[in-house]
Amino acid sequence: MQRRILITNDDGIDAAGIVRLAEAAAAFGEVWVIAPDHQRSAASHSISLRQPLDVYPYDFPVKGVHAFSCSGTPADCVRVGCCSVMPAPPHVVLSGINYGYNTATDIQYSATAGAAFEAAFQGITAIALSEDASEDHPVTDAYLHEILEEYIDSVLDYGCIVNVNFPSCPLSECKGILRDRAVSRSMFYRDSYPVLERLEGGGVRYMVEGKYQEEAEDGSDLKAVIEKYISISTVKNVGS
């Protein structure tokens, strides 16, 4: 039986990461891409209830891939893909490759993880994949096939996903893979909301501003990527 693989992301269907993921996934089965038609980062697990979803065929640059853009969120893409667009539900959902880490407390905001959790809620194996926001990704390219091969047929508890984060460093500096990482309670960026301007009527306009930091617990996903390891975690949704 050939695997049916559904791929989505939150960076948009034209992002380079989803193309690289589809190229790698093609070695493991029939690939379907259903992804947002524009950037949807930090949409978490949100879905569309009071507006329609517009789905269009998309000229995807990987041969043999069935591809569609969707006006909704990444979780919408999984739902409409599984329920309507695909002829049968997928055996596995891959979400990514996200541009920027999804570790620690950031996971709760991540639409990359949100799409994977939607698949998990439907009883489908789900893997979320992220890398540092960099144009170069030698570690991802070197290890992606190996990690997909290891986890693509995972049997997970209900509501759980595999969460993979690739460090940003030369391949020679990568120390390997750390599995079963705990989700850190820390964060890469500590946010504040400085005032941008005062508005008429007493309003105030704020804009989030993050301060980079590298404090993380030993054994955690965040600590792993800081120390130049690939981090692999099994993450449970709060509702599972």
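Every value quoted in this text rests on a predicted model; they were computed, and no experiment measured them.
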Within the side chain of [X], is there an N or O that forms a donor-acceptor pair under 3.5 Å with the backbone of [Y]?
X	Y	result
Arg3	Phe28	yes
Glu217	Arg185	yes
Thr8	Ile34	yes
Glu227	Tyr229	no
Asp76	Ile47	no
Ser110	Thr112	yes
Ser220	Ser184	no

Quiz item: Counting only heavy atoms not in Tyr58, do more than 12 fall under 6.0 Å of its OH?
Solution: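 Yes, OH of Tyr58 has more than 12 neighbouring heavy atoms, counting only those of other groups under 6.0 Å.
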Practice problem: Would you indicate whether Asp157, at its atom CG, is surrounded by more than 12 heavy atoms from other residues, nucleotides or ligands within a distance under 6.0 Å? | Solution: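 Check fails, neighbour count at 12 or below.
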Quiz item: Any ion pair linking Arg20 and Asp141 (charged N to carboxylate O, less than 4.0 Å)?
Solution: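 Arg20 and Asp141: salt-bridged.
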Self-check item: Glu118 bridged to Arg79 by N-O distance under 4.0 Å
Solution: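 Counted as a salt bridge, because a side-chain N and a carboxylate O are separated by less than 4.0 Å.
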Exercise. Could you list the residues that satisfy ring pair (Phe, Tyr, Trp, His ring centres under 6.0 Å) with Tyr212, not counting sequence neighbours?
Key: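 Expected list: Phe188, Tyr189.
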Quiz item: Residues in ring pair (Phe, Tyr, Trp, His ring centres under 6.0 Å) with His45, at least two apart?
Solution: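 With sequence neighbours excluded, His45 shows a ring pair (Phe, Tyr, Trp, His ring centres under 6.0 Å) to Phe121, given in chain and number order.
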I'd like to check [X] versus [Y] (side-chain heavy atoms, cut-off strictly below 4.5 Å). Are they in contact?
X	Y	result
Asp10	Ser41	yes
Val85	Phe68	yes
Phe60	Ile18	yes
Val78	Ile124	no
Val195	Tyr206	yes
Ser231	Thr103	no
Asp153	Thr125	no
Lys236	Thr234	no

Can you tell me how far the [atom1] atom of [X] sits from the [atom2] atom of [Y], to the nearest 0.5 Å?
X	Y	atom1	atom2	value
Ile147	Ile177	CD1	CD1	4.5 Å
Ile226	Cys169	CD1	SG	13.0 Å
Leu222	Asn165	CG	CG	9.0 Å
Glu30	Arg4	CD	CZ	7.5 Å
Glu209	Tyr193	CD	OH	11.5 Å
Glu197	Arg205	CD	CZ	4.5 Å

With a 4.5 Å cut-off on side-chain heavy-atom distances among I, L, V, M, F, W and Y, is there a chain of contacts connecting [X] to [Y]?
X	Y	answer
Ile230	Ile127	yes
Ile97	Leu94	yes
Val62	Tyr56	no
Ile7	Leu148	yes
Val92	Leu129	yes

Practice problem: Verify whether one side chain among Ser233 and Asn163 offers a donor that lies under 3.5 Å from an acceptor in the other. | Solution: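 No, no side-chain donor-acceptor contact under 3.5 Å.
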For [X] versus [Y], what's the shortest heavy-atom pair and its separation?
X	Y	answer
Ala111	Arg40	CB-O, 3.5 Å
Leu21	Gly96	CD2-O, 3.4 Å
Ala224	Arg181	CB-CD, 4.1 Å
Tyr101	Pro167	OH-CA, 3.2 Å
Asp191	Gly210	OD1-CA, 3.4 Å
Asn9	Pro74	O-CG, 3.2 Å

Exercise. Please lay out, stage by stage, how Tyr151 and Ile232 fare under the test side chain to side chain contact (heavy atoms under 4.5 Å, CB included).
Key: CA-CA 10 Å; Tyr151 288 96; Ile232 301 180; 3.6 Å; yes
